[in-house]
Every structure is written in C-alpha cells, then in structure tokens.
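Position 1 is the first residue of the sequence; numbering continues from there. Quantities reported herein were computed from a predicted structural model and do not represent experimental measurements.
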Amino acid sequence: MDLGLTIKKLRQQNGFNQSQFAEVCSITQTYLSQIENNLKEPNISTLRNISNKLSVPLPVLFFLTLDDNDIQEEKRNAFNLLAPSIKSMISEFFSVTPA
C-alpha cells in the first residue's frame, strides 16, 4: 500500500503543487511532504480532508493504494482480474489516472 504516492499523483493530477495543496488542506507543506513520502501516517480526519480536497471518496483513495502485497494470497488472482476494470471505472467517475 502506497498511500503517499497515491496522494501525490492525485494532487498533481489536480494541478496543485505541494505548497498550494497543503494550504488548501490546512496542513503544513512539511507534513504533506512527509505523508507523500510515507514518513508520516495521517489520522483518518486528515485523510478524509485530503480525499475531499482531491474530490475522491476516502474508500476510493484507499482502493487506489492497494497492491498485491495487501491482498490475501488466496484472493490475489481475483484482485488482479478485477482491479484493472475497477480502476478504469474509477478513472471515468472521478477523473483520476489509475496507478
């Protein structure tokens, strides 16, 4: 799961630099940088605020961060089969580019 990278990609897709987005989210640029570099884990309130500012529902943000290591081994085949279609649908609904 790479939450920081997902937030960074979505931020960039929305046309924000780090300083601008931090200000919009009412957090410091340093804290946002730490989140994006997976040095800090934001609390759920901060994540909800970030997802709102990115216009992406929090569960969608979480889904976009998933990779094979996050899925139980016996469910990975199903995940790998379904994930591309789901990410494509997310892309159409929320104007995001899947990772």
Side-chain angles (χ1 to χ4, degrees):
M1 178 177 271
D2 197 336
L3 182 62
L5 181 60
T6 301
I7 290 171
K8 180 178 181 175
K9 285 181 180 180
L10 293 173
R11 170 184 60 78
Q12 291 171 335
Q13 288 174 21
N14 279 275
F16 289 107
N17 68 35
Q18 213 174 49
S19 296
Q20 293 168 327
F21 192 63
E23 185 174 330
V24 166
C25 292
S26 301
I27 59 177
T28 67
Q29 184 272 327
T30 301
Y31 185 46
L32 178 58
S33 176
Q34 291 171 334
I35 292 169
E36 290 184 351
N37 289 298
N38 295 309
L39 299 174
K40 295 277 185 178
E41 288 187 22
N43 63 37
I44 195 72
S45 174
T46 301
L47 279 175
R48 192 172 289 120
N49 184 35
I50 288 171
S51 71
N52 285 337
K53 301 303 182 195
L54 294 170
S55 300
V56 175
L58 189 55
V60 170
L61 179 64
F62 285 139
F63 180 81
L64 292 173
T65 68
L66 294 175
D67 61 28
D68 280 356
N69 296 327
D70 300 315
I71 308 300
Q72 295 174 355
E73 190 172 339
E74 63 273 8
K75 296 181 181 182
R76 285 184 188 158
N77 286 339
F79 174 76
N80 289 326
L81 185 66
L82 295 173
S85 297
I86 294 170
K87 287 183 179 184
S88 176
M89 187 171 44
I90 288 170
S91 176
E92 288 184 38
F93 273 70
F94 300 105
S95 300
V96 300
T97 303

> Among K8, K9, R11, which one satisfies side chain to side chain donor-acceptor pair (under 3.5 Å) with E36?
Replying inline: R11
> Any side-chain heavy-atom pair from F63 and K87 closer than 4.5 angstrom?
Replying inline: yes
>> I'd like to know whether CD of E74 has more than 12 heavy-atom contacts from other residues, nucleotides or ligands below 6.0 angstrom.
In response: yes
> Atom CG in L32, atom CZ in F16: separation rounded to 0.5 Å?
Replying inline: 11.0 Å
> Nearest 0.5 Å, what's the CG-CD1 distance between L5 and I35?
Replying inline: 14.0 Å
> Would a 4.5 Å heavy-atom cut-off, applied to side chains only, mark F62 and S51 as touching?
Replying inline: no
> Say you draw a straight line from CD of E73 to CG of D68; how long is it, rounded to the nearest 0.5 Å?
Replying inline: 10.5 Å
>> Is it the case that over 12 heavy atoms from other parts of the model lie below 6.0 angstrom from the CD atom of E23?
In response: no
> Under the criterion side chain to side chain contact (heavy atoms under 4.5 Å, CB included), which of N14, I27, L10, L54 is the partner of F21?
Replying inline: L54
> How many angstroms lie between CD in Q12 and CD1 in I7, if you round to the nearest 0.5 Å?
Replying inline: 12.0 Å
> Are the side chain of S88 and the backbone N or O of P84 linked by a donor-acceptor pair below 3.5 Å?
Replying inline: no
> Under 3.5 Å, is there a donor-acceptor pair linking the side chains of N43 and T46?
Replying inline: yes
> With distance as the sole test, does D70 use its side chain to make a donor-acceptor pair with the main-chain N or O of D67 at under 3.5 Å?
Replying inline: yes
> Below 4.5 Å, heavy atoms only, C-beta onward: do L58 and I44 meet side chain to side chain?
Replying inline: yes
> Atom CG of N38 and atom CG of L3: how far apart are they, to the nearest 0.5 Å?
Replying inline: 7.0 Å
